[in-house]
Amino acid sequence: MRPVLVYTLLRIVLFLVTAGLLFLLGLQNLFWLIVVSFLISGVVSYVVLSKWRDAMSSRLTNKIDRPKPNDG
């Protein structure tokens with residue numbers, strides 16, 4: 001479950017950093033701050049976090065594709 005946790009934490013940190021920078025640059029309307037931060041951090045994470053996204057995807061796929069033990 002570690003890759004999922006790492007990727008999620010990195011996405012949250014990236015969003016918060018983006019929101020902080022935009023706030024410091026003068027975007028202080030809360031609605032637009034959240035919307036623009038979400039969009040920018042999403043695009044940046046697509047490029048920057050691809051390694052962790054692939055690891056998370058691989059981990060989830062392996063868990064889903066694993067045969068379930070028979071009950072009884």
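The closest donor-acceptor contact from the side chain of Ser58 to the backbone of Ala55 lies at 3.5 Å or more, if one exists at all.
Considering only residues two or more places apart in sequence or on other chains, Tyr46 meets the side chain to side chain contact (heavy atoms under 4.5 Å, CB included) condition with Arg53. For the side chain to side chain contact (heavy atoms under 4.5 Å, CB included) test, residues two or more places apart in sequence or in another chain that qualify with Val48 are Val44. The side chain to side chain contact (heavy atoms under 4.5 Å, CB included) search around Leu10 returns Val6, Leu49, Trp52, not counting sequence neighbours. Take Thr8 and apply the side chain to side chain contact (heavy atoms under 4.5 Å, CB included) test, not counting sequence neighbours, and it matches Val4, Ile12. Listed by chain and residue number, nothing satisfies the side-chain hydrogen bond (donor to acceptor under 3.5 Å, both in side chains) test with Ser41 (two or more places apart in sequence, or in another chain).
Under the 4.5 Å side-chain contact rule for hydrophobic residues, Phe31 and Val36 share a cluster. In the hydrophobic clustering of ILVMFWY residues, with side-chain heavy atoms under 4.5 Å counting as a link, Val35 and Leu33 come out together.
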Expected list for residues 16-24: side-chain donor-acceptor pairs under 3.5 angstrom, two or more places apart:
| unit_1 | atom_1 | unit_2 | atom_2 | d |
| --- | --- | --- | --- | --- |
| Thr18 | OG1 | Leu14 | O | 2.8 |

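The heavy-atom pair separating Phe38 from Phe15 by the smallest distance is N-CE1, 3.5 Å. Contact between Arg11 and Gly42 at its shortest, heavy atoms only, is NH2-CA, 3.9 Å.
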